[in-house]
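Below is one structure, written out as structure tokens, with a few remarks after it.
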Amino acid sequence: MTLMTRRALISRGALAGGAAATGGMLLSGCDRLAENEQFRQILFSGEKINYHLQRLVVDRNALAPEFRPDQMSPRFRTNGTANPGTPEYGRMVAENFANWRLKIGGLVTKPTELSLPQLRSIPARTQITRHDCVEGWSAIGKWHGPTLKSLLQLAGVKPEARYVLFTCADLYGGKPYYETIDMTDALHPQTILAWAMNDRVLDVGHGAPVRLRVERQLGYKHAKYVMAIDAVPSLSGIGLGKGGYWEDRIDYDWFAGI
Ligand SMILES: Nc1nc2c(c(=O)[nH]1)N[C@H]1C(S)=C(S)[C@@H](COP(=O)(O)O)O[C@H]1N2
Ligand SMILES: [Mo]
């Protein structure tokens, strides 16, 4: 719904700007629109209103549907980065992530680093959920890992924290992929750092060694290859300030609630 509305707005804006409204419009139109700061502001303020409206009418703590094992998709495709491909990541894979550490920092009283065995020893949740990508595909998979809430508590998240930032191992234009979620989603019982998928250790394609599952949000919010988790007071100063790689880049909604 929201995305369609915003796409409709985007295409109208592109037409007004004289851009061709066909085929590659979305990207080329958006690049042009990104230069039109006033138009960006209008879109962004609309998104803020939409976010607050959704918060009023939607129970943000409601659970996403969970499925039975026989409903799992026989194939779960990968999307976006399927291998970060950097020398650093290549080394981590070769070492079976023995020297990988998950850094939990920002607005916390005890900045924490967890090895993979440590992360795997934390009580975990298992959930079979549907992943919905904004590009129009869905898949049902089984995910297993500790809740983000338990990790934030471990590090002593401070009350001033309003968002959680995920920094990933894969680079886009030389910089790590990043995403943010608010505290409602961060503390949601189905928001987990998954280290296993479909009863196997998470593979490289789906974000090894850990990836976020934030089940009330669209696919691009589910950061793969998570290296660092930071509790932050606001979104300003992160990337271009809209809270995520795609949000900054092609105006995807920051709030991608489903
Ligand atoms: N680090 C990172 N996380 C990412 C992406 C990415 O490119 N890099 N793509 C996102 C998108 S658009 C989707 S739909 C899902 C795809 O997850 P999958 O590859 O496990 O299907 O990961 C999301 N998380
Ligand atoms: Mo996606």
Side-chain angles (χ1 to χ4, degrees), residues 1-4 6-7 26-27 30 64 67 71-90 92-93 97 100 102-103 126-145 148 163-181 185-186 190-230 238-240 242-258:
M1 261 305 257
T2 321
L3 283 161
M4 291 314 292
R6 300 194 72 228
R7 281 203 179 141
L26 192 62
L27 271 177
C30 280
F67 298 82
Q71 293 173 303
M72 284 162 58
S73 303
R75 199 181 107 76
F76 197 120
R77 55 168 285 184
T78 60
N79 204 34
T81 303
N83 186 335
T86 63
E88 294 78 21
Y89 187 80
M92 289 191 273
V93 172
F97 299 101
W100 173 90
L102 177 66
K103 292 187 183 65
T126 305
Q127 59 203 34
I128 301 176
T129 53
R130 194 186 62 219
H131 179 99
D132 295 307
C133 172
V134 72
E135 290 167 26
W137 60 272
S138 298
I140 296 175
K142 187 196 275 191
W143 304 98
H144 178 83
L148 178 60
Y163 301 92
V164 178
L165 164 68
F166 301 88
T167 308
C168 307
D170 55 328
L171 308 179
Y172 276 84
K175 294 197 185 137
Y177 188 90
Y178 54 97
E179 253 308 335
T180 55
I181 60 176
D185 272 324
Q190 288 169 317
T191 299
I192 65 173
L193 259 280
W195 54 264
M197 173 190 186
N198 296 352
D199 298 313
R200 287 162 182 226
V201 163
L202 191 65
D203 63 19
V204 168
H206 292 101
V210 288
R211 64 98 52 83
L212 177 67
R213 293 299 309 169
V214 50
E215 304 293 357
R216 300 289 310 279
Q217 300 276 337
L218 289 171
Y220 58 89
K221 304 292 287 187
H222 299 230
K224 306 196 282 188
Y225 317 107
V226 175
M227 300 296 291
I229 298 176
D230 285 283
I238 299 164
L240 301 178
K242 292 184 65 189
Y245 177 79
W246 295 113
E247 291 90 324
D248 279 339
R249 193 74 196 104
I250 58 168
D251 253 329
Y252 277 7
D253 284 326
W254 172 80
F255 185 76
I258 44 178

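Remember, it's 1-based here, ligands and their atoms both numbered in the order they're listed.
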Exercise for the section: State whether a side-chain donor-acceptor pair under 3.5 Å links Tyr177 with Trp246. Expected result: yes
Practice task
Answer yes or no: is there an ion pair linking Asp185 with Lys221, defined by an N-O contact shorter than 4.0 Å?
Solution key: no
Problem - Heavy-atom side-chain contact between Tyr225 and Thr81 under 4.5 Å - result: yes
Handout entry: Pair Asp248, Tyr178: side-chain N/O donor-acceptor within cut-off below 3.5 Å
Key = yes
Problem - Heavy-atom side-chain contact between Arg213 and Thr129 under 4.5 Å - result: yes
Problem - Side-chain heavy-atom pair Phe67, Gln127 within 4.5 angstrom cut-off - result: no
Practice task
Using heavy atoms and a cut-off under 4.0 Å, could you grab the residues that are in contact with ligand 1, chain by chain, numbers ascending?
Solution key: Phe76, Arg77, Thr78, Asn79, Gly80, Thr81, His131, Cys133, Trp137, Cys168, Asp170, Tyr172, Tyr177, Gly205, His206, Arg211, Gly219, Tyr220, His222, Ala223, Lys224, Tyr225
